[in-house]
Amino acid sequence: MATITRLCRRILPRTHSTWAPARTFSAQAAQAAETPPPPAPLIRESPDRVKWDYRGQRKAIPLGQWAPKVAVDAYVAPNVVLAGQVVVWDGASVWPGAVLRGDLNKISVGFCSNVQERCVVHAAWSSPTGLPAETLIERFVTIGAYSLLRSCTIEPECIIGQHSILMEGSLVETHSILEAGSVVPPGRRIPSGELWAGNPAKFVRALTHEETLEIPKLAVAINDLSRSYCTEFLPYSTAYLEVEKLKKSLGISI
């Protein structure tokens with residue numbers, strides 16, 4: 001019996017020394033499991049950071065070797081889309097929301113002409129009538145708002161009423177007027193000095209000499225109005241006000 005007791009005394013300390021680290025590790029693991037992790041650092045946006053939105057609409061969209069060309073004194077609104085083979089000549093104006101899509105053929109807006117709000121101008125590969133498939137708007141032409149032009153030719157000093165549709169191969173000769181909502185079928189020719197209206201467009205009457213004189217005056221008046229808009233978007237117009245506001249918000253004294 002005494003021999004067994006001595007053996008137990010010798011074995012028990014070793015057993016305790018062997019079990020103790022295991023119990024200590026288990027206690028540390030349990031304590032670590034109960035302790036919540038430290039909170040993630042809070043990242044605050046710097047007040048000096050400039051916010052850029054790259055999803056903004058692009059005004060000029062090059063396609064392949066073709067890029068839109070805009071004359072120096074032409075006015076093109078900031079939310080207008082010009083794509084591909086588009087040329088906006090001197091004194092012309094393209095108003096907000098218009099889309100000129102020259103991805104298949106050429107589009108030209110002549111001197112002192114205007115394409116008003118929400119117009120869509122594009123061109124097809126080819127015209128079914130054999131006439132030129134490009135869309136040509138010559139000088140002193142007024143295109144009313146919400147009109148649709150496709151592969152048509154409009155000669156100088158014409159008025160296209162708003163919500164009008166001109167289909168492929170149509171031709172509007174000089175000193176002509178289309179009333180609002182007119183639809184010109186493919187290949188239809190509007191003779192010079194006449195007023196047409198309807199769907200499809202039909203002859204209404206001949207224009208008087210006074211009416212033909214008023215056509216370019218309207219284009220010039222719209223051109224004069226576009227000057228105030230064009231000046232607003234020049235770098236030296238009211239941009240300094242935005243710079244002053246930005247400097248004040250950032251606390252810059254220079």
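Checked against K59 for a side-chain contact (heavy atoms from CB on, under 4.5 Å), the options V94, V81, V76, V70 give a single hit: V76. For the side-chain contact (heavy atoms from CB on, under 4.5 Å) with S113, the qualifying choice from V141, T142, V88 is V141, the only one to do so. Tested against L166, the residues V184, V183, I190 include a single side-chain contact (heavy atoms from CB on, under 4.5 Å) partner, V184.
Between G91 and N223, the shortest heavy-atom contact is O-OD1, 2.7 Å. Closest heavy-atom contact between C119 and Q116: SG-O, 3.3 Å. Residues E179 and A197 share a closest heavy-atom pair of OE1-CB, 3.4 Å. Nearest heavy-atom pair across G97 and V80 is N-CG2, 4.2 Å.
Criterion: ILVMFWY side-chain heavy atoms under 4.5 Å apart, direct or through other members. Under it, I222 and Y75 are part of a common hydrophobic cluster. In the hydrophobic cluster analysis, where Ile, Leu, Val, Met, Phe, Trp and Tyr join through side-chain heavy atoms closer than 4.5 angstrom, I215 is grouped together with L218. Criterion: ILVMFWY side-chain heavy atoms under 4.5 Å apart, direct or through other members. Under it, I160 and W196 are part of a common hydrophobic cluster. V86 and V120 fall into different hydrophobic clusters, defined by Ile, Leu, Val, Met, Phe, Trp and Tyr side-chain heavy atoms under 4.5 Å apart, directly or through other members.
In this structure, CG on N114 lies 7.5 Å from CD1 on I143, to the nearest 0.5 angstrom. We find the OG1-NZ distance between T212 and K217 to be 10.0 Å, quoted to the nearest 0.5 Å. Summarising the geometry, atom OH belonging to Y146 is positioned 9.0 Å from atom CD belonging to Q162; distances are rounded to the nearest 0.5 Å. Rounded to the nearest 0.5 Å, atoms CZ (F111) and CG (D90) are 7.0 Å apart. Taken from CD1 in I165 to CG in L178, the straight-line distance is 11.5 Å, to the nearest 0.5 Å.
Remark: E173 pairs with R189 by the side chain to side chain donor-acceptor pair (under 3.5 Å) rule, at least two apart or across chains. Residues satisfying the salt bridge (charged side-chain N to carboxylate O under 4.0 Å, His left out) test with K69, not counting sequence neighbours, are none. When the side chain to side chain donor-acceptor pair (under 3.5 Å) test is applied to D103, the partners found at least two apart in sequence or on another chain are R101. For P200, the side chain to side chain contact (heavy atoms under 4.5 Å, CB included) criterion is met by P185, not counting sequence neighbours.
S108 contributes no side-chain N or O that, together with a main-chain N or O of I137, makes up a donor-acceptor pair within less than 3.5 Å. S170 places no side-chain N or O within donor-acceptor distance of the main-chain N or O of R188, the cut-off being under 3.5 Å.
Between W95 and L225 the shortest side-chain heavy-atom distance falls below 4.5 Å. At least one side-chain heavy atom of V220 sits less than 4.5 Å from a side-chain heavy atom of C112.
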Could you go through residues 148-159 and list every donor-acceptor pair under 3.5 Å that involves a side-chain atom there, pairing it with any protein atom two or more places apart or in another chain?
residue	atom	partner	partner atom	Å
R150	NE	E168	OE2	2.6
R150	NH1	H122	ND1	2.8
S151	OG	A124	N	2.7
S151	OG	A133	O	2.7
E155	OE1	T174	N	3.1
E157	OE1	H175	NE2	2.7

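Hydrophobic cluster membership for V87: W89 (Ile, Leu, Val, Met, Phe, Trp, Tyr linked by side-chain heavy atoms under 4.5 Å, directly or transitively).
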